[in-house]
Amino acid sequence: MRSVEEALAAILATARLTGTETCPLDRCAGRVPAAFRVTATVDVPPFDNSAMDGFALRAADAPGELRLAGEVAAGSAAATAVEPGTALRIMTGAPLPPGADAIVPLEDATERDGRVLVPAVDAGRYVRAAGHDTRAGDVVYLPAAPLGPAGVAVLASLGIGELALRRPPRVAILSTGDELRA
């Protein structure tokens, strides 16, 4: 009689890769990619954005007291431009508004009566540039394992809408005889 380990070794010795099929991204969780490298189709992030909750401004206006001209929330478009002498309250991940070139974190500023007092700041400070993480055309390597929710989310952020996957394996177990054990 074979042990479980011997049976598993015999099965794996004759196992072969399954074929492939292309599926939409929403059906890829729990599946194994056919290839472990993909090409990003978009920049990540797709636009310059704030790395901190704070105030978007022109570095040339700091240090100083600036008029608050509005707010940019994450997930919204920056409709208001930053003009000289103004700042916009901004959330982490929100797009950098036109005219702004720096972010001052909330904890480094003092807000009062529609104005904000900010310290000196260098242009580019707390700004994540478009493509900072990945550029369109970059090759991204996937783990040699089934895709989980995080892996599917990464693929979506790269602009990938469908993926070639290995077909799930088919396994059959035949048990015969009266010498079987649990």
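Values below: every heavy atom of this structure, side chains too, minus hydrogens, waters and symmetry copies. Given the structure is predicted, the values throughout are model-derived calculations rather than measurements.
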Can I get a per-line list of side-chain donor-acceptor pairs under 3.5 Å for residues 35-42, giving both atom names and the distance, sequence neighbours left out?
from: T41; atom 1: OG1; to: L158; atom 2: O; distance (Å): 3.0
from: T41; atom 1: OG1; to: G159; atom 2: O; distance (Å): 3.0

Any donor and acceptor pair, going by atom type alone, linking the side chain of [X] with main-chain N or O of [Y] inside 3.5 Å?
{"X": "T92", "Y": "D53", "answer": "yes"}
{"X": "D101", "Y": "G124", "answer": "no"}
{"X": "D138", "Y": "R135", "answer": "yes"}

Pairs of donor and acceptor atoms involving the side chains of residues 19-29, under 3.5 Å and at least two apart or interchain, shall be tabulated with distances.
from: E21; atom 1: OE1; to: R167; atom 2: NH1; distance (Å): 3.0
from: E21; atom 1: OE2; to: R31; atom 2: NH1; distance (Å): 3.3
from: E21; atom 1: OE2; to: R31; atom 2: NH2; distance (Å): 2.5

*Which heavy atom of P119 sits nearest a heavy atom of A62, and at what distance?*
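Looks like O-CB, 3.2 Å.
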_Please find the pair of heavy atoms, one from F47 and one from G93, that lie closest to each other, and give the distance._
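For F47 and G93, the tightest heavy-atom pair comes out as CE1-O, 3.7 Å.
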Distance in Å, [X] [atom1] paired with [Y] [atom2], rounded so as to fall on 0.5 Å steps:
{"X": "L57", "Y": "E83", "atom1": "CG", "atom2": "CD", "value": "13.5 Å"}
{"X": "R115", "Y": "T86", "atom1": "CZ", "atom2": "OG1", "value": "10.0 Å"}
{"X": "H132", "Y": "N49", "atom1": "NE2", "atom2": "CG", "value": "10.0 Å"}
{"X": "F55", "Y": "L68", "atom1": "CZ", "atom2": "CG", "value": "5.5 Å"}

*With R67, which residues qualify under salt bridge (Lys or Arg N to Asp or Glu O under 4.0 Å), at least two apart?*
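Partners of R67 under the salt bridge (Lys or Arg N to Asp or Glu O under 4.0 Å) test: none.
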*Is D61 salt-bridged to R58, cutoff N-O under 4.0 Å?*
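Looking at D61 and R58, the cut-off is met.
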*Would a hydrophobic clustering, with Ile, Leu, Val, Met, Phe, Trp and Tyr connected at side-chain separations under 4.5 Å, put I90 with L106?*
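No: no chain of side-chain contacts under 4.5 Å links I90 to L106.
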*Cluster link I103 to L88, ILVMFWY, side chain under 4.5 Å*: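 Yes: a chain of side-chain contacts under 4.5 Å links I103 to L88.
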_I'd like to check V116 versus T110 (side-chain heavy atoms, cut-off strictly below 4.5 Å). Are they in contact?_
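Heavy-atom side-chain distance check fails, nothing below 4.5 Å.
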_With heavy-atom distances below 4.5 Å as the criterion, would you say the side chains of V44 and V154 are in contact?_
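No, side chains not in contact.
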